[in-house]
Amino acid sequence: MARPVDSAAAVTPRHYLMCRPTYFAVEYAINPWMDPAAGVDRARAVRQWEGLRDLYRSLGHRVSEIAPIEGLPDMVFAANGALVVDGRVYGARFASAERTPEGPAYLDWFRKAGYTEVREPKHVNEGEGDFITLDDVVLAATGFRTEAAAHQEAERLLGRPVVTLQLVDPRFYHLDTALFALSGDQVAYYPGAFSEGSCRVLRALYPDALLATEEDAAVLGLNAVCDGRNVVIAAEATALAGRLRALGLEVHPVELDELRKAGGGAKCCTLELRGASE
Ligand code: ARG
């Protein structure tokens, strides 16, 4: 069982990059959640996204926005745009042709925002969707999108140890659909999303982790954002929310079901900018 959180500890304000879903749609299917025949309510997606952005601000976090680009319906999932650690930017290189133009678009934003260490990646990787940064290690996934060679590329650039994990369930095609950080040294995850070997690695690294159920994972409950005190999580993940509350965390349920039609939740919409741009 995960240790209770220290609710007296100060929350460090975070800086997030988000992209308004102005051109959001499900026009192609690159994961099992997407059904182009089902249709989306774009105005509702925008309202839900604004709710998420405003919630972050009300919690004291800073939110910057990248301008959405017409014809890139998945650009709202900013977590895939890059990985930013200590102000160093490791750019994304998307696995699908449909999302490929997002890589340069995000790199451009970082250069214009004044980031000086901006790396164009050699290997396929979908940014923070497949890399989760903790205090001592960066957890990185492969299996559906990001190539293992990108883990080494990121490790060299960031100078932090990167631990490779293998995803095995196509519903949980990005690491951030199956695992999130509760703090710098604690995680919550759904073991069924990982290979047996990766489950062993996770058990060794985080013996006290919160283990989520398939029901929690199936509503993208693990696609959550935690600042160490507050957890922003899919409203449908009620059982997981209860267990997070029992640990002393403040739970903020968000309705993002319109964006879930593309296979994304709160975390997918959120790219954390760690470290200064100057
Ligand atoms: N439709 C998008 C895709 O399949 C969803 C991306 C969700 N992002 C994430 N960080 N899990 O690429």
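Keep in mind that this is a model prediction, so the values were computed, not measured. For ligands, and for the atoms within them, numbers begin at 1 and follow the listed sequence.
- One distance of note links SG of C269 with OH of Y16; it measures 13.0 Å at 0.5 Å rounding.
- No side-chain donor-acceptor contact under 3.5 Å links Y28 and S96.
- Salt bridge R93/E120: absent, no basic N to carboxylate O contact under 4.0 Å.
- With a 6.0 Å radius and a threshold of 12 heavy atoms from other residues, nucleotides or ligands, R119 has its CZ atom at or below the threshold.
- Annotation for ligand 1: atoms under 4.0 Å from non-hydrogen atoms of R99 are 2 (C), 3 (C), 6 (C), 12 (O).
- Ligand 1 has Y173 within reach: a non-hydrogen atom of the residue lies less than 4.0 Å from it.
- When each atom of ligand 1 is checked for a heavy atom of M34 under 4.0 Å away, the hits are 1 (N).
- At least one N or O atom of H174, backbone or side chain, sits closer than 3.5 Å to an N or O atom of ligand 1.
- Contact annotation for E128 and ligand 1: no heavy atom of the residue comes within less than 4.0 Å of the ligand.
- With respect to atom 10 (N) of ligand 1, the closest heavy atom belonging to the protein is D176 OD2, 2.7 Å.
- Going from atom CD of E236 over to atom CD1 of I233 covers 10.0 Å, rounded to the nearest 0.5 Å.
- In this structure, the protein non-hydrogen atom closest to atom 9 (C) of ligand 1 is C268 SG, 2.7 Å.
- Distances below 4.0 Å separate heavy atoms of F77 from the following atoms of ligand 1: 2 (C), 5 (C), 6 (C), 7 (C), 8 (N).
- For R57, the CZ atom is densely surrounded, since the number of other residues' heavy atoms within 6.0 Å is greater than 12.
- With ligand atoms numbered from 1 in the order given, ligand 1 contributes 1 (N), 2 (C), 3 (C) to contacts under 4.0 Å with heavy atoms of D74.
- Contacts with ligand 1 closer than 4.0 Å are made by side-chain heavy atoms of R145 only, the backbone lying farther away.
- Atom OH of Y56 sits about 11.0 Å away from atom CZ of R14, to the nearest 0.5 Å.
- Considering both main-chain and side-chain atoms, A262 comes within under 3.5 Å of ligand 1 through a nitrogen or oxygen pair.
- Remark: aromatic rings of Y173 and F144 are distant, center separation not under 6.0 Å.
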In sequence, state the C-alpha distance, the side-chain angles, and the governing distance for E65 and R53, and then conclude on salt bridge (charged side-chain N to carboxylate O under 4.0 Å, His left out). CA-CA 10 Å; E65 291 184 36; R53 181 200 56 191; 3.1 Å; yes
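- Short contacts between ligand 1 and G129, defined as distances under 4.0 Å to a heavy atom of the residue, involve ligand atoms 10 (N).
- Near N80, meaning under 4.0 Å from one of its heavy atoms, ligand 1 places the atoms 6 (C), 7 (C), 8 (N), 9 (C), 10 (N).
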